[in-house]
Amino acid sequence: MKYNYLYKLLSIILISLLVLSAGGCSKATNFFDYQKEPEAIYKTANKAYLSMGRVKTLNPVISKDKDVYYIDKLIYNSLFKLDESLLVQNDLAESYKFNKDKRSVTIIIKKEIKWSNGESLTANDVKFSIDSYKKAFYSKSGIYSSQLNNIRSVSVNGDSVSINYINSDDMSLENLIFPIIPKNEFKNINETLIQNEKFLPIGSGPYSVESYNPYSELVLKANEFYSGSKPENTLIFKVVPNDEETIHLIEPNLITIAYSEKITRNVDFANLNTNITSYLSNEVDWLGFNMNKAPLSDKKIRQVIAMSIDTKSILESAYYGNGVLSDSIYYPGYLGVKNTGSIYKFDEAEATLLLEKAGYNDLNNDGILENINGNKFIIDLLINNNDESRIAAANAIKKNLAEVKIEANIVAVNFENYNKSILNGEFDIYIGGGKMAENYDLKSLLKSYNGNPVGYKNPTVDKYLDQLKSGINNEEKIQIYKKLKSLLSEEIPYYPLVYKTYGVITSKAFNGKVIPIFNNIYIGAEKWSYKYEEPKITSSND
């Protein structure tokens with residue numbers, strides 16, 4: 001039986017081999033040869049696919065849409081622009097000169113600059129632009145008009161533009177960073193204020209509009225008349241209704257680059273085949289101290305509270321690590337002045353010692369400090385109950401202060417009551433913040449007048465704030481800011497918790513370098529491209 005079984009098995013194997021070798025193919029196939037998969041061939045297309053929201057108009061004079069603000073940087077030039085330290089640099093301006101006595105600045109416009117339609121850009125276009133933005137102020141349109149409210153008049157003489165101001169403490173060149181528009185493309189100033197969904201921009205920047213459908217896409221091509229290095233690619237902005245839709249489009253490479261302001265972005269994109277690059281935003285969260293309430297009116301007490309807070313831990317736990325610690329509520333590294341992190345090093349032992357020197361002790365051993373009058377050191381911490389990060393930060397601060405025997409009561413209210421409490425000064429400390437305008441004029445937060453949220457008053461700070469926005473050059477501005485920063489670090493009317501970072505998300509098909517700053521996220525876009533795999537060619541046997 002055993003031999004019969006082996007005989008049958010050998011017969012089956014032999015017959016199988018004969019069938020394999022005697023098949024109907026004209027070319028014999030070696031069954032045991034490894035068939036190597038053809039290597040993938042990648043090619044590059046000079047295109048980049050981006051997303052944008054549905055916008056009301058591409059007209060920069062009246063638009064308030066965030067996407068238009070960023071896209072404008074690709075289409076238009078401005079008189080001036082800001083570098084990565086927010087220092088003013090010339091753009092369309094060849095040179096400028098302030099006349100402080102006359103409260104004016106005269107700007108010489110660069111020659112041989114052309115619009116994307118081939119016409120020359122002139123000083124009259126600059127005057128027309130300024131007049132348009134100023135008029136938009138009265139209709140509460142646009143994002144630039146309020147910055148020009150101090151301009152009294154504009155005049156033109158050949159290639160020069162003279163701007164006359166009402167007040168000498170608001171002549172900053174940082175206010176002259178709006179897109180310059182062509183006068184000849186409008187019948188009059190009133191036409192610049194019309195809400196036109198199909199408005200097609202004509203600018204002097206690196207890109208021009210090839211096509212635009214408000215419901216589907218905006219295509220930008222190289223501006224053939226651009227005075228600088230011309231782009232090497234085409235940018236295609238897909239109109240996407242929301243951030244969630246963007247997430248679904250980026251992994252299959254339908255969009256190759258997107259931006260996210262969410263601090264949870266690392267979690268949102270964790271399971272996708274993408275790359276995330278963080279960059280510093282203009283959004284800051286801080287503690288605001290009520291300067292009209294004891295003991296917070298004492299700067300030494302504010303310093304002790306700041307020293308008691310572990311901002312590094314709060315950054316990780318409340319903000320997912322998506323931020324940087326800052327020594328000022330101004331942009332970290334503002335005007336090139338180095339950011340050293342938190343103003344005060346977290347040190348519970350030193351904070352406890354300083355509190356004892358200030359006359360605070362736990363007299364009845366109940367875990368809460370009292371002053372010499374027996375008044376307990378209890379403060380209210382006001383927060384908006386709709387902000388998860390600030391709620392988490394408040395709980396961490398409460399624990400930190402408990403370690404130095406200060407009791408903090410968290411007062412979490414809705415947004416309306418939160419704002420009302422701050423406006424009426426009904427708080428001890430509030431956790432607040434927001435996005436700063438790119439000109440970083442912080443007078444509304446720091447200057448000594450009604451409306452200052454924390455009731456801060458300091459004539460020296462007032463003087464520095466005015467000087468920063470007067471007619472001075474960059475070097476003078478740096479020296480004034482250093483003095484202002486030092487004074488604010490000592491008095492800390494606001495204590496910065498974190499400057500948030502935002503993220504650039506790129507698909508695997510994206511090819512290029514991303515180097516955004518908060519006011520210009522498309523830096524380097526001229527060299528972005530799309531990498532794709534060429535379809536494999538397979539051959540079949542007859």
Quick one about [Y] and [X] (side-chain donor to acceptor, distance below 3.5 Å, no hydrogens or angles considered), yes or no?
X: Lys262; Y: Asn322; result: no
X: Trp528; Y: Asn46; result: no
X: Ser326; Y: Ser328; result: no
X: Asn59; Y: Ser63; result: no
X: Asn77; Y: Ser204; result: yes
X: Asn223; Y: Ser208; result: no
X: Asp387; Y: Asn384; result: no
X: Glu197; Y: Tyr212; result: no
X: Asn253; Y: Ser507; result: yes
X: Thr501; Y: Arg265; result: yes

For [X], look at atom [atom1] and say whether over 12 heavy atoms of other residues, nucleotides or ligands are found less than 6.0 Å away.
X: Lys81; atom1: NZ; answer: no
X: Lys508; atom1: NZ; answer: yes
X: Lys230; atom1: NZ; answer: yes
X: Lys47; atom1: NZ; answer: no
X: Asn157; atom1: CG; answer: no
X: Glu388; atom1: CD; answer: no

Arg54 charged N/C atom sitting above Tyr215 aromatic ring, 6.0 Å / 45°: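 Because its charged atom sits under 6.0 Å from the ring centre and within 45° of the axis, Arg54 does stack over Tyr215.
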Indicate, with yes or no, if the rings of [X] and [Y] have centres closer together than 6.0 Å.
X: Phe510; Y: Tyr530; answer: no
X: Tyr449; Y: Tyr456; answer: no
X: Tyr502; Y: Tyr259; answer: no
X: Tyr330; Y: Tyr499; answer: no
X: Tyr279; Y: Phe518; answer: no

Trace of the side-chain contact (heavy atoms from CB on, under 4.5 Å) decision for Phe237 with Ile71: CA-CA 10 Å; Phe237 291 84; Ile71 292 170; 4.0 Å; yes
Salt bridge (Lys or Arg N to Asp or Glu O under 4.0 Å) evaluation trace for Lys73 with Glu438: CA-CA 13 Å; Lys73 309 277 185 180; Glu438 61 180 318; 3.7 Å; yes
Separation between CG of Asn196 and CD of Glu191, rounded to the nearest 0.5 Å: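 Separation between the atoms: 8.5 Å.
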Value rounded to 0.5 Å, distance of CG in Asp67 from CG in Leu58: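 Going from the CG atom of Asp67 to the CG atom of Leu58 covers 10.0 Å.
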Minimal non-hydrogen separation, [X] against [Y], with atom names:
X: Ile166; Y: Asn149; value: CD1-O, 3.9 Å
X: Asn519; Y: Tyr70; value: C-CE2, 4.0 Å
X: Ala318; Y: Ala393; value: CB-N, 3.8 Å

Pair Lys135-Asp131, salt bridge (Lys or Arg N to Asp or Glu O under 4.0 Å): steps then yes or no: CA-CA 6 Å; Lys135 190 156 189 178; Asp131 290 341; over 6 Å; no
Qualifying salt bridge (Lys or Arg N to Asp or Glu O under 4.0 Å) pairs, either residue in residues 104-124, two or more places apart: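 For residues 104-124, and leaving out neighbouring residues, the salt bridge (Lys or Arg N to Asp or Glu O under 4.0 Å) pairs sorted by first residue read Lys111-Asp159.
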Mutual orientation of the aromatic rings belonging to Phe98 and Tyr96 [parallel < 30°, tilted 30-60°, perpendicular > 60°]: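 Ring orientation of Phe98 relative to Tyr96: perpendicular.
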Whether Phe178 and Tyr133 hold their rings parallel, tilted or perpendicular, with breakpoints at 30° and 60°: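 Judged by the thresholds at 30° and 60°, the geometry between Phe178 and Tyr133 is tilted.
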Using a 3.5 Å distance criterion without hydrogens, assess whether the side chain of [X] forms a donor-acceptor pair with backbone atoms of [Y].
X: Lys221; Y: Leu235; result: no
X: Asn282; Y: Ala437; result: no
X: Lys97; Y: Ile107; result: no
X: Asn233; Y: Ala525; result: yes
X: Tyr207; Y: Tyr76; result: no
X: Asn339; Y: Asp327; result: yes
X: Asp125; Y: Thr122; result: yes

Working for side-chain contact (heavy atoms from CB on, under 4.5 Å), residues Ile236 and Thr234: CA-CA 6 Å; Ile236 302 167; Thr234 299; 4.1 Å; yes
From CA spacing to verdict: side-chain contact (heavy atoms from CB on, under 4.5 Å), Leu488, Lys485: CA-CA 5 Å; Leu488 293 176; Lys485 180 182 177 184; 5.9 Å; no
Reference residue Lys447; test salt bridge (charged side-chain N to carboxylate O under 4.0 Å, His left out); the match among Asp462, Asp170, Asp466, Asp441: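 So, applying the salt bridge (charged side-chain N to carboxylate O under 4.0 Å, His left out) to Lys447 and each of Asp462, Asp170, Asp466, Asp441, only Asp466 qualifies.
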Verdict with supporting geometry, Glu174 and Lys477, salt bridge (Lys or Arg N to Asp or Glu O under 4.0 Å): CA-CA 12 Å; Glu174 288 103 317; Lys477 192 171 295 182; 2.9 Å; yes
Candidate pair Leu249 and Tyr49, rule side-chain contact (heavy atoms from CB on, under 4.5 Å), full reasoning: CA-CA 10 Å; Leu249 294 175; Tyr49 293 88; over 6 Å; no
Verdict with reasoning, Lys500 to Glu261, per salt bridge (Lys or Arg N to Asp or Glu O under 4.0 Å): CA-CA 9 Å; Lys500 297 180 183 178; Glu261 297 181 1; over 6 Å; no
